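The block underneath contains the structure these notes are about, expressed in structure tokens.
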Amino acid sequence: MQMIYNVKDKPKFGQLIVFAFQQLLAIMAATIAVPMIVGNGMSTSAALFGAGVGTLVYVLFTKAKSPVFLGSSFAFLGSMATAFAGAATAALGYLGLIIGAVLAGLVYVVLAAVVKGAGVKWINKLMPAVVIGPTVAIIGLSLAGNAVGDLQASNIEGGSNYVAIICGIVTLAVVMLCSVYGKKMARLIPFIIGILAGYAVATCFYFIGKATGNTALMVIDYSALVNNFKEISFSSFISVPDFTFLTAFGGFKGITGSYIGTIAVAYIPVAFVVFAEHIADHKNLSSIIEHDLLEDPGLSRTLLGDGVGSMVGAFFGGCPNTTYGESVGCVAITKNASVTTIICTAVEAMLIAFITPFVAFLSTIPHCVMGGVCIALYGFIAVSGLKMLQKVDLDDNRNLFTASVILIAGVGGLALNFGNVTITEVACALILGILTNVMLSKKSKDAKKSKK
């Protein structure tokens, strides 16, 4: 895939700000969703700041060679809930979030050391295109339900699903038209234009509904923005996020060995699961930018960047970070692989975390509008995985069975729960695919020997 901006390219300053904002919009909803789901007073703006800092750490470790943003990881939702459930006080719960992220990050450090010593050839042998391609496709397909669910969702109770779908489809249509037929900047920022178009349509429906008393037409909720300016003060414009470490300082007195053990059991196994998804994401990104990131800067460096980035991100926002498929999809669609853009996105995320009107405005973007965007993003992830199968001989039953097992297990939602540890459908599909490929490859080698 020919990039308009390659990894080392640096767009002009004005364009850079806009490109970075587009990346930010692509990852925004998922990044702030994690602290919202976990609750317990976790701050969405702090999570955004933590994601920005974590991304800068990742860029540093990968020598600015991997164009992807790190956002809040959904894989650790159960682990984070355990940190609060096992804590006597909120402060201890917040301390548990940091301890858990450090333990998970250390798993990445150990894995990075192993990879550094053993190389990556064993990974390429264990996860060839017939395994990694369908797995990448599953990453996109597993998110399809979220995209369609958001497409039909209204931000106001009583809002019509049909109106929401119209706003989402308009967003998707504008994104596609700009990406395919747009010239110059329009082709590089299809998501911004699409979101603005969807937002405008939702706003029109809102005021028509307001004027006619028809709540069904109202799918956008401005309350966060309105409430922010109810009482004008300095905090209405600038406020410091509720960083995790500020609350965690009060939890040291209540910490016990059993609590640390509980956190370790909740976080460490999940880190191994996310390791598999880390490889799939980087294989996918490698195919998009046509440069093997597992070789250069190397899997050991991407693991260190991801692991240490998670530690730092959780220190500020409580959420361990991970490479984002939305970010990879944005790179693929816009053909902008500039790491400078990723750096600027991280800085923007950190700055916006302090600007309350902007955070409030972003929260007013309707779910249906973001659903329209996500159909394109997740679809590109799925298709990019299937593209990896183009050079695979699917007339060979060994390859056919391997790909089939992964796709059906992933689409079917095969997931395993062991207490607070969940092996996601992506990880289950990948593990099953690896086992299938190894089993059938051995049989194939035995068959070749017998022919001789």
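Just so it is clear, the model here is predicted, and its values are computed rather than measured.
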Would you please say whether a donor-acceptor pair under 3.5 Å links the side chains of Y162 and Q152?
no
When the aromatic ring centroids of Y199 and F361 are compared, is their separation below 6.0 Å?
yes
Pairwise side-chain contact, L351 with V347, heavy-atom cut-off 4.5 Å (strictly under)
yes
Interatomic distance, CZ@F237 vs CZ@F229, rounded to 0.5 Å, equals 5.0 Å
Answer yes or no: does atom CE of M185 have more than 12 heavy-atom neighbours from other residues, nucleotides or ligands under 6.0 Å?
yes
I'd like to know whether Y94 forms a ring pair (Phe, Tyr, Trp, His ring centres under 6.0 Å) with F249, so could you lay out the CA-CA distance, the side-chain angles of the two residues, the decisive distance to 0.1 Å, and finally the verdict.
CA-CA 9 Å; Y94 277 81; F249 281 147; over 10 Å; no
Heavy-atom side-chain contact between M80 and P320 under 4.5 Å
yes
Starting at CG of L143, measure out to CZ of F74 and round the result to the nearest 0.5 Å.
8.5 Å
Please check this pair: side chain of T244 against backbone of F316, looking for a donor-acceptor N/O pair closer than 3.5 Å.
yes
Roughly how far, to the nearest 0.5 Å, is the CZ atom of F49 from the CZ atom of F354?
5.0 Å
Donor-acceptor contact present, side-chain D150 to main-chain H367, <3.5 Å:
no
Would you tell me whether S43 and D242 have side-chain atoms, one donor and one acceptor, within less than 3.5 Å of each other?
no
Can a donor-acceptor pair be found between the side chains of N284 and S384 at a distance below 3.5 Å?
yes
Would a 4.5 Å heavy-atom cut-off, applied to side chains only, mark I193 and V175 as touching?
no
Heavy-atom side-chain contact between I406 and L430 under 4.5 Å:
no
How are the rings of Y58 and H282 set to each other: parallel, tilted or perpendicular (split at 30° and 60°)?
tilted
So does G325 get a backbone contact from the side chain of Y378, meaning a donor-acceptor N/O pair under 3.5 Å?
no
Hydrogens and angles aside, do T203 and Y222 bring a side-chain donor and acceptor to less than 3.5 Å of each other?
yes
Does M127 reach the side chain of T135, with side-chain heavy atoms less than 4.5 Å apart?
no
Rounded distance [0.5 Å steps], CD in E425 versus CG in L141:
10.5 Å
With side chains defined as the heavy atoms from C-beta onward, is the minimum distance between T334 and Q22 less than 4.5 Å?
yes
Answer yes or no: is there a side-chain heavy-atom contact under 4.5 Å between F272 and V107?
yes
For residues S223 and D221, is any side-chain donor paired with an opposing acceptor at under 3.5 Å?
yes
Do S327 and I342 come close enough that some side-chain heavy atom pair is under 4.5 Å?
yes
Does the side chain of Y324 pick up a donor-acceptor pair with the side chain of Q23 at under 3.5 Å?
no
Ignoring hydrogens and geometry, is there a side-chain-to-backbone donor-acceptor pair from T345 to A20 under 3.5 Å?
yes
